[in-house]
Protein chains: 2
Amino acid sequence: MDLTSKQSKIFNFLKDFILEKDYPPSIRDIQNHCDISSTSVVDYNLKKLEEKGLIRRDKEISRGIELLGTNNMRSHTVRIPLLGKIAAGKPIVLPEEGVTDNFSNSIELSREQVGTKSDLFALQIKGNSMIDALIQDGDIIILEKTNQFDNGDMVAVWIKSDNATTFKRIYKLDNKIKLEPMNKRMKAFFVKPNDFNVQGRLVTSIRNW
Amino acid sequence: MDLTSKQSKIFNFLKDFILEKDYPPSIRDIQNHCDISSTSVVDYNLKKLEEKGLIRRDKEISRGIELLGTNNMRSHTVRIPLLGKIAAGKPIVLPEEGVTDNFSNSIELSREQVGTKSDLFALQIKGNSMIDALIQDGDIIILEKTNQFDNGDMVAVWIKSDNATTFKRIYKLDNKIKLEPMNKRMKAFFVKPNDFNVQGRLVTSIRNW
DNA sequence: AAAAAAACAACACATATGTTCTAATACATA
DNA sequence: TATGTATTAGAACATATGTGTTGTTTTTTT
């Protein structure tokens with residue numbers, strides 16, 4: 001269902017107004033700026049916009065209009081905890097359960113960039129131990145907290161017998177797990193299927209030049 | 001200058017309310033939810049919050065409150081035109097002057113990620129012609145439109161005599177400019193100082209695994 | 001062309017909401 | 001203690017603003 005010219009005019013005004021003022025316009029604001037003869041016409045068309053799913057209105061509340069969909073600038077970003085630097089071989093400190101709030105250091109990414117994934121955390125790479133994965137010193141990597149993995153995934157994996165977490169490329173073999181550093185100079189090693197736990201999987205990497 | 005407990009209670013309520021409803025609360029909304037005895041007390045403390053620079057108020061406008069600073073979720077993201085794919089050797093098509101609006105394809109990044117830079121555009125890398133810069137097929141690179149450069153910068157540069165733009169690492173030598181591909185297999189070449197024009201500089205690169 | 005539906009117009013009304021005034025109380029300072 | 005300042009209370013007021021009613025015009029359908 002398409003918008004009439006008056007409706008798209010109103011809708012655009014809503015976006016502009018909210019962008020500028022950070023609060024929605026009143027019906028009379030809309031009336032004046034869109035050259036509409038009567039408040040009832042504005043009300044009428046706002047009802048239409050609501051029927052068409054573009055806005056939501058709260059009854060009897062002044063300026064009680066909310067933009068829906070991608071026009072709503074709410075939640076366009078996600079704040080992700082930056083847990084620290086990760087160096088070759090050094091163990092990673094992973095976040096507590098469910099504690100994705102209240103972190104001292106964090107980065108902000110657009111939701112578009114991370115998709116619908118939740119439970120994300122970030123690490124900064126120190127050194128060039130991941131150079132084969134085209135990740136270098138200073139890069140930021142974003143991980144998704146999960147214990148699933150596919151062959152070849154780059155994961156943060158906890159080795160029980162070592163009592164430590166490292167970052168490796170993982171492969172499932174017949175009766176063991178191969179963990180391969182992302183640097184040719186270091187050798188791969190193997191763990192027993194019950195001696196490890198995947199804690200997170202690489203999702204995105206970012207470099208500021 | 002610090003906030004009194006009442007003021008931070010109000011301020012937190014403002015953030016929560018706006019996050020939930022997408023429009024600011026009325027003074028009586030604040031009064032009720034913060035257990036305040038009188039509207040005048042709310043008004044009084046809102047004035048204080050405004051003096052302390054945390055909010056902005058518009059006189060005589062219902063719900064005319066705007067959060068300032070990082071609490072204001074406005075403009076936490078920037079939309080950047082994605083101009084297309086760039087392959088080795090292939091010329092790049094740069095945006096028209098000032099046309100950073102109305103583009104068919106775009107990506108959204110958090111402002112935190114791109115800083116205060118403006119006039120940004122993005123390209124997607126096709127192939128592995130930039131592998132030495134740790135940039136591979138599918139990566140997204142973000143460029144800043146500028147004609148300044150430092151030695152070693154990776155820039156989009158227009159070669160007049162070729163009538164084409166390519167992406168190279170640039171070095172200023174005594175009487176010529178060295179343009180170095182980011183792939184060892186391809187050789188560098190040189191241009192005269194008046195035969196080129198830097199059009200943009202690499203700012204950020206992003207990879208989704 | 002006639003009938004029905006959609007959209008617009010003008011206006012009045014109720015109330016949602018910011019403002020203001022006065023007084024009381026608490027708090028700090030000299 | 002005295003005195004000034006900051007904060008709180010209660011209430012009344014003015015207006016900003018959503019809603020409803022009735023009628024007209026325009027558009028669509030039959």
Side-chain angles (χ1 to χ4, degrees), chain A residues 1-68 71-72, chain B residues 1-68 71-72:
Chain A
M1 191 161 36
D2 239 12
L3 297 188
T4 70
S5 76
K6 192 161 296 191
Q7 281 157 23
S8 61
K9 195 170 182 183
I10 291 178
F11 189 61
N12 285 327
F13 175 68
L14 283 175
K15 289 194 285 189
D16 292 345
F17 190 100
I18 293 175
L19 187 64
E20 185 190 335
K21 308 260 193 179
D22 264 28
Y23 52 78
S26 70
I27 284 185
R28 281 169 183 81
D29 287 334
I30 301 171
Q31 181 192 5
N32 295 328
H33 287 80
C34 295
D35 298 306
I36 293 173
S37 50
S38 167
T39 57
S40 66
V41 175
V42 177
D43 183 67
Y44 175 85
N45 284 288
L46 284 179
K47 282 195 176 73
K48 294 295 173 187
L49 286 175
E50 191 168 21
E51 285 169 13
K52 296 177 183 181
L54 292 172
I55 65 171
R56 199 179 59 73
R57 292 220 289 165
D58 280 354
K59 274 187 62 171
E60 290 168 22
I61 286 187
S62 67
R63 301 168 185 271
I65 301 176
E66 178 187 358
L67 293 181
L68 297 177
N71 299 295
N72 180 345
Chain B
M1 191 160 40
D2 239 14
L3 297 188
T4 69
S5 76
K6 191 162 297 191
Q7 281 157 23
S8 62
K9 195 171 181 181
I10 291 178
F11 189 61
N12 286 326
F13 175 68
L14 283 176
K15 289 194 285 187
D16 292 346
F17 190 100
I18 293 174
L19 186 65
E20 185 189 335
K21 309 259 193 177
D22 264 28
Y23 52 79
S26 71
I27 284 184
R28 281 168 183 83
D29 288 334
I30 300 171
Q31 181 191 5
N32 296 328
H33 288 78
C34 295
D35 298 306
I36 293 173
S37 50
S38 168
T39 57
S40 65
V41 175
V42 176
D43 182 66
Y44 175 85
N45 285 287
L46 285 178
K47 281 196 177 73
K48 294 293 173 188
L49 286 175
E50 191 168 22
E51 285 169 13
K52 296 177 184 183
L54 292 171
I55 65 171
R56 199 178 61 74
R57 292 220 289 164
D58 280 353
K59 274 187 63 172
E60 291 167 22
I61 286 187
S62 67
R63 301 169 186 270
I65 301 175
E66 178 188 358
L67 293 180
L68 297 179
N71 299 294
N72 180 346

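Lettering follows sequence order; numbering is per chain, from 1.
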Looking at NZ of Lys52(B) and CG of Asp2(B), how far apart are the two atoms once the value is rounded to the nearest 0.5 Å? 7.0 Å
Charged N-O contact under 4.0 Å between Lys47(B) and Glu50(B): no
Nearest heavy atoms of Pro25(A) and Phe13(A), plus distance in Å: CB-CE2, 3.8 Å
Mind checking side chain to side chain donor-acceptor pair (under 3.5 Å) for Asn45(B) and listing every partner two or more places apart, or none if nothing turns up? Gln7(B)
In Å, rounded to the nearest 0.5 Å, how long is the span from CZ of Arg56(A) to CG of Asp22(B)? 8.0 Å
What heavy-atom pair brings Leu67(A) and Asn72(A) nearest, and what distance separates the two atoms? O-CB, 3.1 Å
Taking DNA chain C as the partner, which of residues 35-48 of chain A come within under 4.0 angstrom of it by heavy atom? Ser37(A), Ser38(A), Thr39(A), Ser40(A), Val41(A), Tyr44(A), Asn45(A), Lys48(A)
Inter-residue atom distance Asn32(B).CG - Thr39(B).OG1, 0.5 Å rounding: 10.5 Å
For Ile27(B) and Leu46(B) the tightest heavy-atom approach is CG1-CD1, 4.1 Å
Distance under 4.0 Å to a non-hydrogen atom of chain A counts as contact; along DNA chain C, which nucleotides mark the start and end? dA6(C) to dT17(C)
Taking all non-hydrogen atoms of both residues into account, name the closest pair between Leu3(A) and Leu49(A) and its distance. CD2-CD2, 3.9 Å
Neighbours of DNA chain D within residues 53-63 of chain A, by heavy-atom distance under 4.0 Å: Arg57(A), Lys59(A), Glu60(A), Ile61(A), Ser62(A), Arg63(A)
Tell me which residues in residues 26-34 of chain A lie within less than 4.0 Å of DNA chain C, going by non-hydrogen atoms. none
I'd like to check the salt bridge (Lys or Arg N to Asp or Glu O under 4.0 Å) partners of Asp29(B); sequence neighbours left out, ordered by chain and number. Arg63(B)
Supply the atom-to-atom distance Phe17(A) CZ to Ser26(A) OG, rounded to the nearest 0.5 angstrom. 7.0 Å
Judged by atom type as modelled, is there a donor-acceptor pair below 3.5 Å linking the side chain of Glu66(B) to the main-chain atoms of Arg57(B)? no
